[in-house]
Amino acid sequence: MLTVGKKAPAFTLKNEDGESVKLSQFKGKKIVLYFYPRDNTSGCTTEACAFRDVYDDILDKGAVVIGISPDSESSHAKFKAKHALPFYLLADPEKEVIQKYEAWGEKSMFGKKYFGVVRSTYIIDEEGKITHVFPKVSPKNHAAEILAAL
């Protein structure tokens with residue numbers, strides 16, 4: 001994982017509407033940047049809806065939420081609409097940003113090892129520096145954990 005105090009790696013990705021979103025456009029705001037494996041899976045839905053439910057509180061702390069997964073823009077659009085998610089979901093099908101943020105790694109399920117997105121979150125300050133790192137998060141209580149950290 002990237003460490004606290006490092007400059008967050010720059011990126012430009014497409015959002016659920018096909019618009020380019022750059023990390024730099026959020027300068028002056030805190031960013032909750034979370035990486036998740038896949039739209040519409042139980043853990044990812046739990047995590048996204050938990051962020052949705054505290055989103056106004058996150059905004060009150062001067063922060064925005066951005067979710068990134070390898071899913072397509074159209075998949076993100078459906079996921080966002082289905083669950084009324086108020087924040088950006090960015091598509092990284094080539095996994096370039098996911099790898100820059102070291103959110104790609106070995107996982108295991110039912111004793112079988114494979115590579116995939118490791119659910120993780122970074123809080124980035126107004127100047128683009130990483131202030132908090134949350135590796136291998138639990139979807140259920142993570143939004144509250146982030147709110148407390150902000």
Side-chain angles (χ1 to χ4, degrees), residues 1-16 20-26 29-55 57-58 61 63-83 85-150:
M1 299 292 297
L2 297 172
T3 56
V4 169
K6 295 251 185 200
K7 185 162 177 55
F11 64 80
T12 303
L13 291 172
K14 301 275 188 187
N15 70 8
E16 65 283 347
S20 290
V21 174
K22 293 180 179 191
L23 180 67
S24 61
Q25 76 189 58
F26 298 97
K29 289 187 180 264
K30 293 177 195 155
I31 303 162
V32 175
L33 185 64
Y34 83 98
F35 295 88
Y36 66 100
R38 191 175 175 116
D39 293 338
N40 289 306
T41 57
S42 62
C44 296
T45 300
T46 297
E47 183 176 26
C49 290
F51 277 129
R52 174 200 64 203
D53 294 347
V54 298
Y55 192 63
D57 297 325
I58 290 172
K61 303 267 188 192
V64 297
V65 174
I66 301 171
I68 297 178
S69 86
D71 292 307
S72 68
E73 298 155 34
S74 63
S75 175
H76 284 337
K78 291 174 195 159
F79 184 52
K80 186 171 178 170
K82 181 177 181 180
H83 299 288
L85 303 176
F87 45 84
Y88 286 125
L89 296 177
L90 305 182
D92 187 15
E94 305 300 320
K95 302 169 195 77
E96 290 174 13
V97 176
I98 291 167
Q99 289 178 7
K100 272 187 193 179
Y101 279 82
E102 300 175 13
W104 183 259
E106 188 173 75
K107 300 169 76 170
S108 92
M109 186 182 291
F110 307 117
K112 195 173 186 180
K113 293 192 184 286
Y114 65 98
F115 281 86
V117 175
V118 177
R119 190 183 308 279
S120 50
T121 303
Y122 294 89
I123 298 178
I124 301 166
D125 73 9
E126 297 86 346
E127 299 303 315
K129 289 210 168 62
I130 296 168
T131 61
H132 296 77
V133 178
F134 299 87
K136 298 182 181 177
V137 303
S138 168
K140 190 173 182 182
N141 302 314
H142 188 51
E145 182 180 32
I146 292 299
L147 199 53
L150 289 169

Search all heavy atoms of [X] against all heavy atoms of [Y] and return the closest pair with its distance.
| X | Y | result |
| --- | --- | --- |
| G105 | V118 | N-CG2, 3.7 Å |
| F87 | R52 | CE2-N, 3.8 Å |
| L2 | P9 | CD1-CD, 3.5 Å |
| H83 | T45 | CE1-CG2, 3.4 Å |
| A103 | S120 | CB-OG, 3.5 Å |
| L23 | A10 | CD2-CA, 4.3 Å |

CA sep, side-chain torsions, deciding dist, call: V32, K61, side chain to side chain contact (heavy atoms under 4.5 Å, CB included): CA-CA 11 Å; V32 175; K61 303 267 188 192; over 6 Å; no

Spatial distance of atom [atom1] ([X]) from atom [atom2] ([Y]) [nearest 0.5 Å]:
| X | Y | atom1 | atom2 | value |
| --- | --- | --- | --- | --- |
| L89 | K14 | CG | NZ | 16.0 Å |
| F134 | I123 | CZ | CD1 | 4.5 Å |
| Y88 | L33 | OH | CG | 13.5 Å |
| K30 | T131 | NZ | OG1 | 8.0 Å |
| I31 | Q25 | CD1 | CD | 9.0 Å |
| K29 | E126 | NZ | CD | 10.0 Å |

Just to verify, what does A144 make a side chain to side chain contact (heavy atoms under 4.5 Å, CB included) with, not counting sequence neighbours? none

Between the main-chain N or O of Y101 and the side-chain N or O of Y122, is there a donor-acceptor pair closer than 3.5 Å? yes

Got a donor-acceptor contact below 3.5 angstrom from the H76 side chain to the N15 backbone? no

Could you list the residues that satisfy ring-ring contact (aromatic ring centres under 6.0 Å, His included) with F51, not counting sequence neighbours? Y34, H142

Is D92 close to F35 at the side-chain level, that is, under 4.5 Å between some pair of heavy atoms? no

Run the side chain to side chain contact (heavy atoms under 4.5 Å, CB included) check on T121 and E145 step by step: do they pass? CA-CA 11 Å; T121 303; E145 182 180 32; over 6 Å; no

Given V54, D57, I58, the one that forms side-chain contact (heavy atoms from CB on, under 4.5 Å) with L150: I58

Contacts under 3.5 angstrom, residues 63-74 side chains, donor-acceptor by atom type, not counting sequence neighbours:
unit_1: S69; atom_1: OG; unit_2: D71; atom_2: N; d: 3.1
unit_1: S69; atom_1: OG; unit_2: D71; atom_2: OD2; d: 3.0
unit_1: D71; atom_1: OD2; unit_2: D39; atom_2: N; d: 2.6
unit_1: S72; atom_1: OG; unit_2: S74; atom_2: OG; d: 3.2
unit_1: S72; atom_1: OG; unit_2: S75; atom_2: N; d: 3.1

